[in-house]
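Here is the structure we will look at.
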Amino acid sequence: MALSIGIVGLPNVGKSTLFTALTKKGGLAANYPFATIDPNVGIVDVPDGRLQKLADIVNPGRIVPATVEFVDIAGLVKGASAGEGLGNQFLANIRETDAICEVVRYFTDPNVMREVNRSDEFVDPASDAETIKTELILADIQTLEKQLPKLEKEAKRDKELMPKFEIAKRLLEWLNDGNRAATMDMTDDERAAAKELFLLTLKPIIYVANVDEDALGKELTPIDGITPLPICAKVEAELSELDAEEAAEYLADLGLEASGLDVLARAAYKTLGLQSYFTAGEMEVKAWTVHVGATAPQAAGVIHSDFERGFIKAEVISYDDYVLLGGEKGAREAGKLRMEGKDYIVQDGDVMHFRFNV
């Protein structure tokens with residue numbers, strides 16, 4: 001399961017600097033609007049220290065972490081929903097991602113333009129976030145206004161489509177009141193129907209506060225009910241140029257336990273309701289991403305769809321038991337290896353092997 005996160009923000013908030021640092025991929029970061037036009041895409045490993053501990057036990061040929069795809073999307077400006085700036089191109093790129101990571105300017109740098117023709121130390125994170133929220137809401141209103149006439153006709157012909165039409169009407173009213181679609185109370189069935197409407201504000205959102213170095217680790221005031229993650233793009237850029245040992249020392253000097261990538265990856269998994277399970281053998285130790293609440297057959301299906309269809313049983317060892325008992329042999333001897341069937345709900349960190357019919 002490849003997780004895709006779109007990095008968005010107003011021009012010059014540091015999102016391209018952050019993208020380049022996280023992905024170690026060259027990208028244009030400049031002090032003027034629309035330095036990014038076509039979206040840059042980078043795939044990075046999800047940091048997980050558990051993989052190395054598993055590898056220390058089984059000595060595999062390789063370690064394969066889970067990955068996340070970051071998409072650096074062009075800066076948005078007021079009026080984007082009406083075509084200002086890069087307008088629809090910006091919005092189309094967001095639609096293709098699983099979640100939105102909105103970078104908001106908290107840093108004070110008089111040399112970096114806050115908006116066109118304005119360079120000073122003034123920052124207003126809440127106002128900046130509201131600008132993007134408004135543009136996404138306006139884009140969703142346009143989407144629904146275009147869809148509703150067609151949905152109404154289809155629902156009259158096919159009563160099974162009526163729930164989709166009804167939730168679309170409710171959402172339009174909710175959006176017109178200035179709310180993101182994701183914040184509206186919906187049943188599971190309604191939310192499933194709403195997902196088919198492809199609304200931008202239905203996507204999970206993570207706010208990243210691009211702060212000055214001395215603000216790292218501080219608790220920030222929530223934006224739209226979501227607490228921003230304090231990350232310094234400049235620090236991340238410096239970390240990206242260091243080896244692992246040097247980076248660890250640098251983080252320690254800053255009083256931090258984890259890099260921005262660690263923090264963002266964990267937040268993304270939590271926001272999207274994801275977790276990891278592991279397979280461990282001589283060939284490889286690998287992390288696999290599944291939704292919280294996934295069954296054992298669904299976990300097998302992440303490896304290959306045939307595995308889900310032919311699933312028989314799963315051998316399961318908790319990560320803690322696997323490490324404590326020195327691997328599969330020790331876990332088996334201690335009675336900590338379990339055989340689980342189709343109803344088993346996968347837990348974060350499970351070490352699993354599957355039995356299936358081909």
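The distance from atom NE2 of H304 to atom CZ of F354, rounded to the nearest 0.5 Å, is 14.0 Å. Rounding to the nearest 0.5 angstrom, the gap separating the NZ atom in K329 from the CD atom in E333 is 3.5 Å. Note: L254 CG to E238 CD = 8.5 Å, rounded to the nearest 0.5 Å. Rounding to the nearest 0.5 Å gives a distance of 11.5 Å between OG1 of T183 and CD1 of I205. Distance check: K286 NZ to I63 CD1 gives 13.5 Å after rounding to the nearest 0.5 Å. Taking CG from D224 and OG1 from T201, the interatomic distance works out to 10.0 Å, rounded to the nearest 0.5 Å.
At a cut-off of 3.5 Å, with distance as the only test, no side-chain donor of D98 or S4 sits close to an acceptor on the other residue. For the residue pair D72 and S16, a side-chain donor N or O sits within less than 3.5 Å of a side-chain acceptor on the partner. A donor and an acceptor atom, one from each side chain of S276 and D348, are nowhere located under 3.5 Å apart. Judged purely by distance below 3.5 Å, without hydrogens or angles, the side chains of S259 and D262 pair a donor atom with an acceptor atom. Using a 3.5 Å distance cut-off with no hydrogens or angles, the side chains of Y269 and T289 do pair a donor with an acceptor. With 3.5 Å as the limit, one finds no donor-acceptor pair spanning the side chains of Y322 and E328.
Residues A21 and S240 come closest through the heavy atom pair O-CB, 3.5 Å. Among all heavy-atom pairs drawn from L10 and I132, the shortest one is N-CD1, 3.7 Å. For the residue pair G14 and N210, the shortest heavy atom distance occurs at CA-ND2, 3.7 Å. In terms of heavy-atom proximity, I223 sits nearest to Y207 at O-CE1, 3.4 Å. Considering all non-hydrogen atoms of both residues, L264 and C101 come closest at CD1-SG, 4.1 Å. Closest heavy-atom contact between Y250 and L239: CD2-CD2, 3.5 Å.
In this structure a side-chain-to-backbone donor-acceptor pair under 3.5 Å is missing from D158 to A155. A donor-acceptor pair is defined here as one N or O able to donate and one able to accept, closer than 3.5 Å; such a pair exists between the side chain of N179 and the backbone of W174. Side-chain atoms of T143 come within 3.5 Å of backbone atoms of A139 as a donor-acceptor pair (strictly under, hydrogens ignored). No donor-acceptor pair closer than 3.5 Å links the side chain of T295 to the backbone N or O of I345. Side-chain atoms of R338 do not come within 3.5 Å of backbone N or O of E340 as any donor-acceptor pair. For the pair N176 (side chain) and L172 (backbone), a donor-acceptor distance under 3.5 Å is present. T97 places a side-chain N or O within donor-acceptor distance of the main-chain N or O of I94, the cut-off being under 3.5 Å. With hydrogens and angles ignored, the 3.5 Å screen pairs a side-chain donor or acceptor of K15 with a backbone N or O of I73. Without hydrogens or angle criteria, K53 side chain to V323 main chain gives no donor-acceptor distance under 3.5 Å. Put simply, the side chain of H353 never gets that close to the backbone of G281: no donor and acceptor are under 3.5 Å apart.
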Please test F165 against I167 for side chain to side chain contact (heavy atoms under 4.5 Å, CB included), starting from the C-alpha separation and ending with a verdict.
CA-CA 6 Å; F165 173 60; I167 196 62; over 6 Å; no
Stepwise, does the side chain to side chain contact (heavy atoms under 4.5 Å, CB included) test hold for L274 with V292?
CA-CA 5 Å; L274 301 175; V292 173; 5.9 Å; no
Would you please test M186 and L202 for side chain to side chain contact (heavy atoms under 4.5 Å, CB included) and show each step?
CA-CA 12 Å; M186 289 180 271; L202 198 60; 3.9 Å; yes
Should L161 and L151 be marked as a side chain to side chain contact (heavy atoms under 4.5 Å, CB included) after you check the CA-CA gap, both sets of side-chain angles, and the distance that decides it?
CA-CA 8 Å; L161 296 176; L151 287 173; over 6 Å; no
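If you chain together hydrophobic residues whose side chains sit under 4.5 Å apart, V235 and V208 fall into the same group. Using a 4.5 Å cut-off between side-chain heavy atoms of Ile, Leu, Val, Met, Phe, Trp and Tyr, with links allowed through other members, V46 and L251 fall into the same hydrophobic cluster. By the criterion of side-chain heavy atoms lying less than 4.5 angstrom apart, applied directly or through intervening Ile, Leu, Val, Met, Phe, Trp or Tyr residues, I226 is grouped together with I7 in one hydrophobic cluster. The hydrophobic cluster containing L256 also contains L18, counting ILVMFWY residues as joined when their side-chain heavy atoms lie under 4.5 angstrom apart, directly or transitively. Residue I317 is not grouped with residue Y277 when hydrophobic side chains (ILVMFWY) are merged at heavy-atom distances under 4.5 angstrom, including chains of intermediate members.
Applying salt bridge (charged side-chain N to carboxylate O under 4.0 Å, His left out) to E190 and the options K169, K164, R170 leaves one that passes, R170.
Atom CD of E284 has more than 12 heavy atoms from other residues, nucleotides or ligands within 6.0 Å. Counting non-hydrogen atoms of other residues, nucleotides and ligands closer than 6.0 Å to CG of D188 gives a total of 12 or fewer. Heavy-atom neighbours of D343 CG from other residues, nucleotides or ligands within 6.0 Å: at or below the threshold of 12. Other residues, nucleotides and ligands contribute over 12 non-hydrogen atoms within 6.0 Å of the NZ atom of K133. Residue-environment remark: CG (D177) exceeds the threshold of 12 foreign heavy atoms within 6.0 Å.
Under the 4.5 Å side-chain criterion, counting only non-hydrogen atoms from C-beta, M339 is in contact with R355. Contact annotation: the side chain of K234 never approaches that of E213 to less than 4.5 Å [non-hydrogen atoms, C-beta and beyond]. With contacts defined as side-chain heavy-atom distances shorter than 4.5 Å, the pair L272/L3 qualifies. At least one side-chain heavy atom of Q275 sits less than 4.5 Å from a side-chain heavy atom of V290. Counting only heavy atoms from C-beta outward, the side chains of V104 and P228 never approach each other to under 4.5 Å. Between K203 and L136 the shortest side-chain heavy-atom distance does not fall below 4.5 Å. With contacts defined as side-chain heavy-atom distances shorter than 4.5 Å, the pair L261/V44 qualifies. Side-chain contact between P297 and K342: present, with at least one pair of heavy atoms (C-beta onward) separated by less than 4.5 Å.
Ionic pairing of R105 and D128 is not present here: no N-O contact between side-chain nitrogen and carboxylate oxygen is shorter than 4.0 angstrom. The pair R266-D48 does not meet the salt-bridge criterion, since no charged nitrogen lies less than 4.0 angstrom from a carboxylate oxygen.
In this structure, F278 and Y319 have tilted ring planes: the angle between them lies in the 30° to 60° band.
In this structure, F19 has its ring center at least 6.0 angstrom away from the ring center of F70.
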